[in-house]
There are 2 protein chains.
Amino acid sequence: MRMNAGGQQERRPRADVQRNRAALLETAQRHFLQHGVGTSLEAVAKEAGVGPATLYRHFPTREALLAAVLQTRSEEFVARRAGIEQLDNAAEALERWLRAMEEYLSAFSGLPDPLMAAARAQDPDNPLTIPCDILISATDQYVRAAQRAGHVRASVQGYDLFLAACSVAWIKGTGTEEKSLDRLRMLIASGYREQDPGA
Amino acid sequence: MRMNAGGQQERRPRADVQRNRAALLETAQRHFLQHGVGTSLEAVAKEAGVGPATLYRHFPTREALLAAVLQTRSEEFVARRAGIEQLDNAAEALERWLRAMEEYLSAFSGLPDPLMAAARAQDPDNPLTIPCDILISATDQYVRAAQRAGHVRASVQGYDLFLAACSVAWIKGTGTEEKSLDRLRMLIASGYREQDPGA
DNA sequence: ACCGTGTACGGAGGCAGCATCCGTTTTGGG
DNA sequence: CCCAAAACGGATGCTGCCTCCGTACACGGT
């Protein structure tokens with residue numbers, strides 16, 4: 001008899017459960033991309049071909065659905081991170097990481113809001129808390145490395161740049177044009193970079 | 001006979017209209033302060049002692065109500081601006097202006113979103129467009145003055161710092177603690193300030 | 001003081017989205 | 001093939017948005 005870690009009976013997951021879950025994730029991702037994180041969950045359920053109750057059974061809250069969709073998206077993201085970690089230039093690694101994170105955060109319009117809420121509350125029941133903490137601690141790593149190499153001011157913390165990336169992602173989500181965003185990114189970069197003393 | 005600018009008959013505004021409008025504005029401000037810009041308009045109407053239709057007749061959209069409430073709030077704001085303009089230190093004037101604007105923008109949680117939408121769309125029908133444009137052009141003034149005095153990098157535009165202020169206000173609205181906000185403000189200030197060449 | 005006009009009011013109602021309950025269907029092990 | 005457990009999904013109640021339309025009230029004139 002199948003047993004799980006807790007010593008209870010284990011059954012192979014039912015086929016319809018997996019099917020529905022996959023359909024929901026796929027549809028939800030499309031709707032999040034198109035209409036932002038505030039999209040109608042009823043519409044998602046209908047388009048996925050399930051009733052509303054099925055959606056809520058799989059994902060009790062909007063945040064849970066969001067976290068699950070982000071999970072599927074994070075594969076590409078971690079691959080990108082692996083590429084970044086091979087860089088020996090800590091300053092460029094930080095820069096690329098921030099950009100990657102910003103793109104991740106602006107995947108769906110409105111995504112930064114629930115993420116910030118999760119980052120603040122530290123509620124273990126909020127499914128977004130974990131991905132959020134990962135982002136913050138990773139940023140801190142890159143910042144420390146760049147600081148050791150003398151590229152970043154000592155007063156800067158990883159969390160600060162996480163906030164900055166969230167900000168840029170938020171602004172991006174409001175539809176601001178790319179040119180303005182670029183100038184804002186430059187402004188932030190000027191803010192955290194150690195001024196070159198050899199000039 | 002009373003005439004208005006268009007040459008049409010003019011009547012003194014009815015007493016109940018003014019009363020209702022004032023009650024709505026007062027109640028709306030309280031609700032915006034307490035629950036953010038997304039607060040229930042039905043609840044506002046009920047607490048102001050009027051029907052929903054009366055609210056919508058006075059303020060056809062949520063943005064219209066928001067703009068009217070902001071209007072009443074802006075008196076204190078312009079007074080503050082008058083105080084700033086008397087400063088002869090352009091760098092400090094800019095700094096104080098940015099801080100004043102940030103506080104104005106974070107008066108109600110969620111306020112930056114509709115404001116950014118108005119800033120982007122430039123829709124003349126959106127009642128938030130005008131206050132928004134005022135903020136942007138004022139920021140530009142302060143930036144130019146500070147640049148003439150050599151305190152701010154030439155690459156920085158007023159709109160950039162408007163965006164930055166919106167960002168900080170947005171983050172503030174998500175409930176981030178003041179300590180983190182201060183570090184973010186420092187980061188931004190380091191970003192726009194001209195590095196002192198005499199060091 | 002009263003009256004008529006036109007302006008403003010507000011309850012009722014249609015609509016959309018959220019979240020849940022419970023009778024029914026599906027699934028897969030025995 | 002059967003049956004118990006598991007999952008499904010339509011129906012439902014709720015809240016908030018916004019509008020329509022019959023009613024009440026305020027104001028200017030007499």
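Keep in mind that the numbers below use all heavy atoms, side chains included, and drop hydrogens, waters and symmetry copies. A, B, ... follow the sequence lines: proteins, then strands. Residue 1 opens every chain.
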Nearest whole angstrom, please: distance from the P of D:dC18 to the CZ of B:Phe59. 15 Å

Over all strands shown, is A:Arg62 touching base, sugar-phosphate only, or nothing at heavy-atom distances under 4.0 angstrom? sugar-phosphate

5' precedence on DNA chain C between B:Val17 and B:Glu42 (nearest-nucleotide basis): B:Val17

Per A:Arg57 side chain, nearest of listed nucleotides C:dA19, D:dG9, D:dC17: D:dG9

Can a side chain N or O of A:Arg19 be found less than 4.0 Å away from OP1 or OP2 on C:dT27? yes

Separation of B:Leu55 atom CG from C:dG11 atom C1', in whole Å? 15 Å

To the side chain of A:Ala53, which of D:dC18, C:dA19, D:dG10 is closest? D:dG10

Provide, to the nearest angstrom, the distance between the NZ atom belonging to B:Lys46 and the C1' atom belonging to C:dA12. 13 Å

Looking at A:Arg14 and D:dA6, is any side-chain donor or acceptor paired with a base atom of the opposite kind under 3.5 Å? yes

Within a strict 4.5 Å, meaning less than it, do heavy atoms of the B:Arg81 and B:Tyr142 side chains meet? yes

Distance check: side-chain N/O of A:Thr54 vs OP1/OP2 of D:dA7, anything under 4.0 Å? no

From CG of A:Asp16 across to P of D:dA7 the rounded distance in Å is 8 Å

Does some side-chain heavy atom of B:Leu135 sit less than 4.5 Å from a side-chain heavy atom of B:Leu105? yes

Would the number of heavy atoms belonging to other residues, nucleotides or ligands and lying under 6.0 Å from CG of A:Leu33 be above 12? yes

Pick base, sugar-phosphate or nothing for B:Ala15, based on heavy-atom distances below 4.0 Å to the nucleic acid. sugar-phosphate

Take B:Gly38 and A:Val50, find for each the nucleotide of DNA chain D with the closest heavy atom, and name the residue whose nucleotide sits nearer the 5' end. A:Val50

Touch class at under 4.0 angstrom, heavy-atom based, for A:Thr39 against every strand present: sugar-phosphate

With no hydrogens and no angle check, do the side chains of A:Ser167 and B:Trp170 hold a donor and an acceptor under 3.5 Å apart? no

Could you check how far NE2 of B:His35 sits from P of D:dG16, rounded to whole Å? 10 Å

A:Arg12 CZ to D:dA6 C1', in whole Å, measures 14 Å

Answer yes or no: is there a side-chain heavy-atom contact under 4.5 Å between A:Tyr159 and A:Asp140? no

Provide, to the nearest angstrom, the distance between the CD atom belonging to A:Gln18 and the C1' atom belonging to D:dA7. 13 Å

Which of C:dA19, C:dA8, D:dC20 is nearest the side chain of A:Tyr56? It is C:dA19

I want to check one thing: is the phosphate of D:dA7, taken as OP1 and OP2, less than 4.0 Å away from some side-chain N or O of A:Asn20? no

Protein-nucleotide distance (B:Leu41, atom CG; C:dA16, atom P), rounded to Å: 19 Å

At under 4.0 Å, does any side-chain N or O of B:His58 touch on OP1 or OP2 of C:dC9? yes

Below 4.0 Å: OP1/OP2 of C:dA16 and any side-chain N or O of A:Ser40: no

Take atom CD of A:Glu76 as the centre, draw a 6.0 Å sphere, and report whether it contains more than 12 heavy atoms from other residues, nucleotides or ligands. no

